[in-house]
Amino acid sequence: MSSSEDEVVLTKRVKKVPKKNGKIAARSSSSTTASENDDDLPLSQRNGHAKSKDTSVDDDEDSVMSTISKKKRKNENGSTAVKKQKTVKDEPVSPKQKSTKASTTPKVTKPKAETKPKMAVKKETKPTTKKEKKPKEIKEETPLASQNNEGNEEEEEEGYKWWEAEDLDGEQKWESLVHNGVLFPPEYEPLPSYVKLYYDGKPVTLSKEAEEVAGFYGAMLETEHAKNPVFQKNFFNDFLSVIRESNGSDVEIKEFEKLDFSKMYAYFEKLKEEKKSMTKDEKKAIKEEKERLEEPYKTCFLNGRKELVGNFRIEPPGLFRGRGAHPKTGKLKRRVYPESVTLNISADAKVPEPPAGHQWGEIRHDNTVTWLAMWKENIADSFKYVRFAASSSIKGVSDFKKFETARRLKDHVEAIRKDYTKLLKSELMQERQMATATYLIDVFALRAGGEKGDDEADTVGCCSLRFEHITLKPPNKVIFDFLGKDSIRFYQEVEVDKQVFKNLRIFKKSPKQPGDDLFDRINPSLLNKHLQNYMKGLTAKVFRTYNASKTMQDQLNLIKNEGTVAEKVVKFNAANRTVAILCNHQRTVSKSHGNTVQKINDKLKELVWQKIRLKRMILELEPKLLKKDKEYFSEINDLAKEDEEHIHHSIIQRQTQQVLKKMQRDNEKLQLEKQELLTEESDSIKEKLEKIQELKEEYDEELRTGKTVVKKGSTVEKLKQQIETIENRIVTTTLQLKDKEDNSEVSLGTSKLNYIDPRLTVMFSKKFDVPIEKLFTKTLRDKFKWAIESADENWSF
DNA sequence: GAGATTACTTAGCAGATATCTC
DNA sequence: GAGATATCTGCTAAGTAATCTC
């Protein structure tokens, strides 16, 4: 078959549908042909066949397509079969049940007859039209008296160690759940009457509702968001809606450009300043009041044990700050009232009182989920949940399971890699795409890449990569350039497996064009189904966890147990950084970064100058040394005259500013005490400034004569000692600079929090005698208590 | 089987707090 | 002790993925 015929096949399969955002997207056709059914044959049924074909298939791009169109096979049972797996059950066991030795095989338990029963329809206290899941029956009454964990003082003191007790399986998430509901943001307090929005130069009197919305914008007037035209447009539309709804303006507002928020902005800035300048006691009182209000919502009782709640606060209204080019950025996030909040709580628990004059939207008793409350937000029409804190047992169990699943991948990854390497050459397009996607996810830690709508930012992951996101440079170089999660740019120039390169070229082949999906036969759902054939619980995201933790383990293995604690921490962070780079965890370079780097560079230059100056002093004392130790003095003329002049200038300027700033601070105090203020003519200031002037003259003289002034009492030994100190400082500062630059765009926290098995950090801490406090913050120590208490120095991922 | 729904994890940013430097 | 800088924490947006519905 000719290549043109091949293209016809491809064209038939790639159905072009206009994307909601106007782009043309490639979609697999819904009308299946016999050959398309072929694609759906389970791999297990085709492995043998594919293998025999592989040997005969010419791997030319065209012939691949020819083979596909020639093949007319049908899936006999018409459904996707599941590749037979080893019957070893892949369920996690608690950390204490496991040996911490790497060599020990994980405990194998028998598979349950039914691991995840289908959820049945649930009867609710309030009938709803939507389907609902039926919670498992709560086995026993859970009287509130038992919920303070009575009779278990030891546990109360030490905290509940779920990892030593819990059966981690099962769909039911709790036996009893008792809590006090959620904390609502305070009601809006109108602005003082003199703070107005202006329209076309005239003050506008707004309704309370409209004023609140105007204030949201006014407060962020100087942010990048407020300068974004999409943000402005969305805000303005919603602002006008609120004005209409509340009959809320005495002036007809028609154009955004005529709005002047500057008075509002100034008022909010003034409030900020006032807050800043509060006395310690005032700040303390505010904090205490805040804590008093929060207290009832901070904790709840889960199965009779006290646990921390995470985000017990209902999100306050405001303007939606979407990331990247989000089409809805700037829209009004409306205030949430109790009527739209659903509480999830034990059937026999007391329902918390809703705020006065309100009612809860719904009360549920669903023990198959872990949220305490939820509400629907108005931006994406999705749910927001109130959940347990990261340190809670329920989150701990889930975290532990996540890492155990990733660890189980160790036992399968070799087979998976072998398989996808083979399937890269499959004659079936879907298999090739599946294999290529798995390769990219495995090797470059790409996310799955689910489809997105036109009301979201245009970001992609593996399955949603489009034509324009990769550039191919023969023989096997690929340039990835796309926006991933949070609109973070993923840019990498990499060399890939030759067959992967060939496949990507096929996936980009005409008639595909910019806007078309590269992977038009697969999606995350199919991909994950495929992955589950290899291992229960295996999904695309498990690869990220696995590869991150595996990389960390490998990096830690390279570290030698030597040096100070600080040096070991630096090495640990370097390992952490490797993982962060793998996962593309970035952060915006801080505004002050340029300045900071400049300052460190200046400091370095100054240190070098100091060192050279000290060496010149030595030669002033003993000129003969120049011949004796040429190398030691080889740098004494390294600095250009201009550089030296610049350094002198910086030092003089800095010292002068220090004196003047100090004078300013002192004057503020003196003013309060109603005493006479200092001036540059005051004796104490004059004296200091004169000393600086003397120093300047000394420097000028040195520059002019080339002779360095040696301080009284200096000896060669003393000067050499000083040089050594400076040299050490140069080394430290250079390292500091390198660290700054290396870390300026890399965020280490995300991988530490989500991807690196915390037991690796614990192992490092114990093996290398580095206090865990140096590696985990307090929050992380709480979150990973299970790891800290269960892993030892021999633990391995 | 596709799309919708639901529930969960992952993510960067901004403000709060702690630590360092002068 | 004050200001600068680093680190930590809370917030909430933005993903993934399982399940449900049509």
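Lettering of chains follows the sequences in order, A, B, ..., and the numbering in each one begins at 1.
Using a 4.0 Å heavy-atom cutoff across all strands shown, A/Ser525 reaches no nucleic acid atom at all. Among the heavy atoms of the strands lying under 4.0 Å from A/Gly449 are primed sugar atoms or P, OP1, OP2 only; no base atom is included. The residue A/Ala457 sits apart from the nucleic acid: no heavy atom pair falls under 4.0 Å. Heavy atoms of A/Gly749 sit nowhere under 4.0 angstrom from any nucleic acid atom. Residue A/Glu456 is classed as having no contact, given no heavy-atom separation below 4.0 Å to the nucleic acid. Residue A/Ile488 is classed as a sugar-phosphate contact, given heavy-atom separations below 4.0 Å to backbone atoms only. Residue A/Gly322 is in sugar-phosphate contact alone, with no base atom involved, counting any heavy-atom pair closer than 4.0 Å across all strands shown. The residue A/Arg323 sits close to a base: some heavy atom pair falls under 4.0 Å.
In this pair, A/Phe482 and A/Phe490 present their aromatic rings parallel. The plane angle is below 30°, not in the 30 to 60° band. Between A/Phe403 and A/Phe784, the ring planes lie perpendicular to each other; the angle is over 60°, past the 30° to 60° tilted range. The aromatic rings of A/Phe231 and A/Tyr217 sit tilted, their planes meeting at an angle between 30° and 60°.
Between A/Ser382 and A/Arg447, the one whose closest nucleotide on DNA chain B sits nearer the 5' end is A/Ser382. Between A/Ala448 and A/Phe320, the residue anchored closer to the 5' end of DNA chain C is A/Phe320, taking for each the nucleotide with the nearest heavy atom. Checking A/Met374 against A/Asp486, the closest nucleotide of DNA chain B that is more toward the 5' end is the one next to A/Met374. Take the nearest nucleotide of DNA chain C for A/Thr779 and for A/Gly324: the residue whose nucleotide is more 5' is A/Thr779.
Under 4.0 angstrom from either OP1 or OP2 of C/dT9 there lies at least one side-chain N or O belonging to A/Thr777. Side-chain N/O atoms of A/Thr539 include one lying less than 4.0 angstrom from OP1 or OP2 on C/dA17. The side chain of A/Tyr755 places an N or O atom within less than 4.0 Å of a non-bridging phosphate oxygen (OP1 or OP2) of B/dA11. Listed pair A/Lys541 / B/dT9 fails the phosphate criterion, with no side-chain N or O lying under 4.0 Å from OP1 or OP2. Residue A/Arg387 places no side-chain N or O under 4.0 Å from the OP1 or OP2 atom of C/dT12.
Here the side chain of A/Thr750 is nearest to one of B/dT6, B/dA7, B/dA11, namely B/dA11. Out of B/dT9, B/dG12, C/dA13, the shortest distance to the side chain of A/Lys333 is found at C/dA13. For A/Asp366, taking side-chain heavy atoms from C-beta onward, the closest of the listed nucleotides B/dA7, B/dG12, C/dA17 is B/dA7. When the nucleotides B/dT10, B/dA7, C/dA17 are ranked by their closest atom to the side chain of A/Asn754, B/dT10 comes out on top. Ranking B/dC8, C/dT9, B/dG12 by closeness to the A/Ser398 side chain, first place goes to B/dC8. When distances run from any side-chain atom of A/Pro316 to the nucleotides C/dA17, C/dG15, C/dT12, the shortest one goes to C/dT12. With distances taken from any side-chain atom of A/Ala540 to the nucleotides C/dA17, B/dT10, B/dA7, the minimum falls on C/dA17. Closest to the A/Phe383 side chain, of the nucleotides B/dT6, B/dC13, C/dT9, is B/dT6.
The separation between A/His530 atom NE2 and C/dA17 atom C1' is 17 Å, rounded to whole Å. Separating the CD atom of A/Gln532 from the C1' atom of C/dA18 is a distance of 9 Å, rounded to the nearest angstrom. For the pair A/Lys276 NZ and B/dA14 C1', the computed distance is 13 Å after rounding to whole Å. Between A/Leu526 atom CG and B/dG3 atom P there is a gap of 12 Å when expressed in whole angstrom units. Residue A/Leu780 contributes atom CG, which lies 14 Å from atom P of B/dT10 at whole-angstrom precision. Look at NE2 on A/His585: it is 16 Å from P on C/dA14, rounded to the nearest Å. The distance between atom NZ of A/Lys173 and atom C1' of B/dT6, rounded to the nearest whole Å, is 12 Å. Here the P atom of nucleotide C/dG15 and the OH atom of A/Tyr385 are 18 Å apart, to the nearest Å.
For the pair A/Phe519/A/Cys462, a side-chain contact is recorded, criterion being any heavy-atom separation below 4.5 Å from C-beta on. Counting heavy atoms from C-beta outward, A/Arg334 and A/Pro317 have side chains that stay 4.5 Å or more apart. In this structure, A/Lys284 and A/Glu288 have side chains that are in contact, with non-hydrogen atoms separated by less than 4.5 Å. Counting heavy atoms from C-beta outward, A/Leu531 and A/Asn533 have side chains that stay 4.5 Å or more apart.
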Report, as a single string ordered 5' to 3', how protein heavy atoms within less than 4.0 Å touch nucleotides 15-22 of chain B: B base, S sugar-phosphate only, - not at all.
-SS----S
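Using modelled atom types and a 3.5 Å distance limit, the side chains of A/Ser393 and A/Glu307 yield a donor-acceptor pair. Side-chain contact check for A/Lys785 and A/Ser391: no donor-acceptor pair (N or O, by modelled atom type) lies under 3.5 Å.
The number of heavy atoms from other shown groups lying within 6.0 Å of CD (A/Glu282) is above 12.
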